[in-house]
There are 2 protein chains.
Amino acid sequence: MSQNPTLKKIAEKLNVSISTVSRALKDHPDISPETKRKVNELAELIEYDPNPYAVNLRTHNSKEFAIVVPSLSNFFYHSFISSIEEDARMYGYSVIIYRSANDPKIELEILKSCRHKRVSGIFIAITSETKEIEPFLKLDTQGIPVIFFDKVPEYESCNKICVGDAHAATLAANEILKKGFKRVFGVFGDKNMSITQVRLQKFAEVISNDGSEIILETVHATSSAEAEAMTLKALSNYKKNDFVIFCMSDETLAGAMKAIQRKGLKTPEDIGIVAISDGMIPQLFYPEITYAETSGFKLGKLAFNRMMKCIAGSSFAQTIIDQSMLIEGGSL
Amino acid sequence: MSQNPTLKKIAEKLNVSISTVSRALKDHPDISPETKRKVNELAELIEYDPNPYAVNLRTHNSKEFAIVVPSLSNFFYHSFISSIEEDARMYGYSVIIYRSANDPKIELEILKSCRHKRVSGIFIAITSETKEIEPFLKLDTQGIPVIFFDKVPEYESCNKICVGDAHAATLAANEILKKGFKRVFGVFGDKNMSITQVRLQKFAEVISNDGSEIILETVHATSSAEAEAMTLKALSNYKKNDFVIFCMSDETLAGAMKAIQRKGLKTPEDIGIVAISDGMIPQLFYPEITYAETSGFKLGKLAFNRMMKCIAGSSFAQTIIDQSMLIEGGSL
DNA sequence: CTGAAAGCGCTTACAG
DNA sequence: CTGAAAGCGCTTACAG
């Protein structure tokens, strides 16, 4: 069991002290080049790697990041996680994934576990029920940076990396105006989520501010199946060529597309559709669906960047909004 | 910084020794009920939680599982990870995610990191280039159980949890025979992957053994785009109603569906399609695509189960095959 | 029933 | 340039 190389073993073989070996390995200026060479050679040979638990016990630096998300069955979070994982490994960090199941109690437990592990930092998308953010702020003051992403609290002075909800909604709405549709059917998600509120509000604002006589009907669906049923119902009094559907998320998009297919309608000939999406689902269809992109991958890069700055000592809280881009398919 | 509760602090407050506190907390029979009560009360009060790094340094038990996958942008792996994460947290383990980027060198590095962290166990889908499995076996003998899943090595005596490739291919092939198609176009993945070989071989076998005059054409695509191009080409001499497409994976399915939509064909009226899939993509279309299910979630449950047995001391290596089920959509 | 002591593997002031 | 020593927070034989 104890066959793992340790400082002690190297020290014994080389007839120097453990301290010397430790210093040589971290290229401490005190140590002679000759000793350094010998130590490094042997370390290489026997594949020495410091025991991370011992290091942490001394230094309280775990070289682990935690990512906490409400759910793992979500393309957006996957690409966020991939993105973080990619950067983390370059910097020698590992990534621990936690799933809060959208339950604030579990979320709190996870935070506790993060604290005891003394993770180097936490990326978190909070649950839709999370009310208290003191526990998060406390971690921050204890030296564990917390970067909120996607689902973030209202509270001002914390680090937040968000999708540009208003901007994405505007892009989609403008595209609809540009094409001159007469009726818009907007499929939105759970009413309680702040992103739903922002997207809905902005979308409605842009559409109605246009001055033209566009009819906007909106619904809230909490699942794909619900989105499908609602869209189907809306399509019952469908008239060719003046109708466009807007979906605020991949989940609602999946449902709406199902309804469109069920009705045997074709985009863009029979009906238009545009969404806010991470891009995976839009690309499964032909013509590809036009969408305002919310990239988990890009968000991950921004979040990681911010994290590294926090670790380097930046205590200045910042909200970063990732502006989205319109990706043109041919669906409207 | 050092404001975290420790055994020492409890001991001081209660005027007992650290040893006593440690024992009381783990309900050691030696300790008096009275002492236990006092210790536990205080521990509760100040929210004591053992420092996992200190515990590990002593016990070499990390309570962390590692999951290693070639890529994270894959629905199948996501559901596998979700599944493991769910079980792991119930048992008080955390889950570390590693991505090998399908590179055996990175894979090796990850293994090394797992060894030094002394993770409690590893779930791994190996890269398609992995030749040497000694490093894996070595971990196993060092007391870190390795459970291979999905992409597993040929080597016999190790723990493997696989999708029933042959069975899934058979299910799909039988469905095709049942419906009496005349021409089958099979879209397969990377030739080098063992799952491709098994699926192709079995599929071809079942189709050709039927005795009827079915024409089977197969291609290998390494991306969705390639699958789309190849399917498009095959569709150029398409004749209504005798043509069915089989896709061995979600990736190839995405490509084939794109081609079908591009041609303006409808399933099942114009053309049939059947796949092996995790189920996410098939459900996006209407009619839903019929598929032989390979469930990452179910595989995860099986793998976790096996892991717990290994940790409990089972040294007997075992290969578990998860038989798939045919999920009927209406696509052929 | 309880405690003193060693030790897991490392880091880092302190001393020389 | 190098080493002895203390200590991170815990566990566990050993002794009483």
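In what follows, every chain begins at residue 1, and chains take the letters A, B, ... in the order their sequences are listed. Reckoned from all heavy atoms, side chains included, excluding hydrogens, waters and symmetry mates.
- Distance B:H28 NE2 to C:dG3 C1': 13 Å, rounded to the nearest Å.
- B:K117 and A:S94 share a donor-acceptor pair across their side chains, judged by distance under 3.5 Å alone.
- Across all strands shown, D:dG3 forms a Watson-Crick or G-U wobble pair, both distances under 3.5 Å, with C:dC14.
- Closest approach of A:L137 and A:C158 over heavy atoms only: CD2-CB, 4.5 Å.
- Rounded to whole angstrom, the span from the NE2 atom of B:H60 across to the C1' atom of D:dC10 amounts to 12 Å.
- Rounding to whole angstrom units, CG of residue A:L25 and P of C:dT11 are separated by 8 Å.
- In terms of phosphate contacts, A:T35 brings a side-chain nitrogen or oxygen within less than 4.0 Å of OP1 or OP2 of D:dT2.
- At a threshold of 4.0 angstrom between heavy atoms, the contacts of A:S32 are confined to the sugar-phosphate backbone, with no base atom among them.
- You'll find that the side chain of B:I31 is closest to C:dT2, out of C:dT2, C:dC10, D:dC1.
- Residue A:I18 contributes atom CD1, which lies 11 Å from atom C1' of D:dA5 at whole-angstrom precision.
- Listed candidates were C:dT2, D:dT11, D:dG3. Nearest to the side chain of B:S22 is D:dT11.
- Checking B:S295 against B:D322 by side-chain atom types alone, no donor-acceptor pair falls below 3.5 Å.
- Atom-to-atom, CG of B:D27 to P of C:dT2 comes out at 13 Å; the value is rounded to the nearest Å.
- Ring to ring, B:F136 and B:Y155 are not that close: their centroids are 6.0 angstrom or more apart.
- Nucleotides C:dT12 and C:dG16 place their C1' atoms 16 Å apart, quoted to the nearest Å.
- When the nearest nucleotides of DNA chain C are assigned to B:P29 and B:R58 by heavy-atom distance, the more 5′-ward of the two goes with B:P29.
- Annotation: cation-pi pair A:K63/A:Y93 present, NZ/CZ under 6.0 Å from the ring centroid and within 45° of its normal.
- Atom pair B:Y53:OH and D:dG7:C1' shows a separation of 19 Å (rounding to whole Å applied).
- One can place CG of B:L7 at 13 Å from P of C:dG3, the figure rounded to the nearest angstrom.
- The side chain of B:R23 lies closest to C:dG3, out of C:dG7, C:dG3, C:dT11.
- The shortest distance between the side-chain N/O atoms of A:T20 and the OP1/OP2 oxygens of D:dC1 is not below 4.0 Å.
- One finds a side-chain N or O of A:K26 lying less than 4.0 angstrom from the OP1 or OP2 phosphate oxygen of C:dT11.
- Taking every side-chain heavy atom of B:N51 into account, D:dC10 is the closest of D:dG3, D:dC10, C:dT2.
- Mapping B:A54 and B:S19 onto DNA chain C by nearest heavy atom places B:S19 at the nucleotide closer to the 5' end.
- Straight-line distance from the CG atom of B:L57 to the P atom of C:dG9: 7 Å, rounded to whole Å.
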